[in-house]
Amino acid sequence: LELAKKAPQFRPVRGDTEEKAGDAFLYREPDGTAYVAAFNFSKTDAAVRVLPMKRLGLPAGRWKLRDLWTGEERSVEGDLELRLPPTDCALVRLTRAR
């Protein structure tokens, strides 16, 4: 809820999706913390969103991911991969791992 209070302006990760809505969005804090929202619009199929850190504008290295819906935490190196059940979404926070 604290993130929503800030009224962040998320930007699409991929700019040209032709006639479809974007499925991944990014918001970055001045301190480098990043928030990624990803969506699966399919009513029947699970989806995997693979988002390269470079595409997110984040430097390579190790990141700490916290899922803001479930509270799950894990480390991420390389591409960010989010698995989404049908008609589901994810909202994660990425901070640099120390």
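- For the atom pair Arg66 CZ and Glu73 CD, the distance stands at 5.0 Å (nearest 0.5 Å).
- Of the possible polar contacts, none joining the Asn40 side chain to the Asp88 backbone as a donor-acceptor pair under 3.5 Å is found.
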_Candidate pair Leu91 and Trp69, rule side-chain contact (heavy atoms from CB on, under 4.5 Å), full reasoning_ = CA-CA 7 Å; Leu91 179 61; Trp69 300 140; 3.9 Å; yes
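- Classified by interplanar angle (parallel below 30°, tilted 30° to 60°, perpendicular above 60°), the ring pair Phe39/Phe25 is perpendicular.
- Between atom NZ of residue Lys64 and atom CZ of residue Arg74 there is a gap of 13.5 Å, rounded to the nearest 0.5 Å.
- Cluster partners of Val92, using a side-chain heavy-atom cutoff of under 4.5 Å among ILVMFWY residues and allowing indirect links, are Val13, Leu26, Val36, Leu51, Met53, Leu56, Leu58, Trp63, Leu65, Val76, Leu80, Leu82, Leu94.
- Note on Val50 and Tyr35: separate hydrophobic clusters, where clusters join Ile, Leu, Val, Met, Phe, Trp and Tyr whose side-chain heavy atoms are under 4.5 Å apart, directly or indirectly.
- Looking at residues two or more places apart in sequence or on another chain, you find a side chain to side chain donor-acceptor pair (under 3.5 Å) between Thr33 and Asp31.
- Surrounding CZ of Arg83 are at most 12 heavy atoms belonging to other residues, nucleotides or ligands under 6.0 Å away.
- Applying the salt bridge (Lys or Arg N to Asp or Glu O under 4.0 Å) definition to pairs two or more places apart or across chains, those involving residues 39-53 are Asp23-Arg49.
- Among all heavy-atom pairs drawn from Ala46 and Pro86, the shortest one is N-CG, 3.9 Å.
- Nearest heavy atom pair, residue Arg55 against residue Arg14, reads NH2-CA, 3.3 Å.
- Looking at Asp79 and Pro52, their side chains come closer than 4.5 Å, going by heavy atoms from C-beta outward.
- In terms of heavy atoms, Arg28 sits closest to Gly57 at NH1-O, 2.8 Å.
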